[in-house]
Amino acid sequence: ERQVMWWLAGCTGWVFSMVVLGGVTRLTRSGLSMTDWKFQGVMPPSTPEEWEVEFGKYKKSPEYIRVNRGMSLEDFKFIYWLEYGHRMWGRALG
């Protein structure tokens, strides 16, 4: 019974952390920063060129046009990492 209690507590903590991370993602409007998402996941950009390509895709999205017009590449990286972390955390939880 003790092991089950610890397992349930761990699962509860993990789900709670997912809700918090999801809330932060939503409040920062990071949720649509990743324009291409495959169910199996993708590696994040690692070179300046890859970041520019990813940012260029984002600039064509309605989210950028309506909400984040004029955003810098550094700001984009911040919201991208939030969204990437949220998705990876969710995959691990699932």
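Nothing here was measured: the structure is a model prediction, and the numbers come from that model.
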Which pair of non-hydrogen atoms, one from Lys60 and one from Ile65, has the smallest distance, and what is that distance? O-CD1, 3.9 Å
What are the two closest non-hydrogen atoms of His86 and Met18, and how far apart are they? O-CE, 3.4 Å
Over all heavy atoms of both residues, which pair between Met43 and Tyr84 is shortest? Give the atoms and the distance, please. CA-OH, 4.4 Å
For a 4.5 angstrom cut-off between non-hydrogen side-chain atoms, does Pro45 reach Phe55? no
Nearest-0.5 Å distance, CD of residue Glu52 to NZ of residue Lys59: 7.0 Å
As an exercise, state the distance from OG1 of Thr12 to CH2 of Trp7, rounded to the nearest 0.5 Å. 9.0 Å
d(Leu82 CG, Arg87 CZ) to nearest 0.5 Å is 12.0 Å
Show the nearest heavy-atom pair for residues Trp89 and Ser17, with the distance to one decimal. NE1-OG, 2.9 Å
Distance in Å, Glu54 CD paired with Glu49 CD, rounded so as to fall on 0.5 Å steps: 14.0 Å
Donor-acceptor contact present, side-chain Tyr58 to main-chain Val53, <3.5 Å: no
Heavy-atom distance under 4.5 Å between the side chains of Tyr64 and Phe76, does that happen here? no
Members sharing Val67's hydrophobic cluster, built from side-chain contacts under 4.5 Å between Ile, Leu, Val, Met, Phe, Trp and Tyr, are none
Let me confirm one number: the CD1-CG distance from Ile79 to Asn68, rounded to the nearest 0.5 Å. 5.0 Å
Separation between CD (Glu1) and CG (Leu8), nearest 0.5 Å, reads 11.5 Å
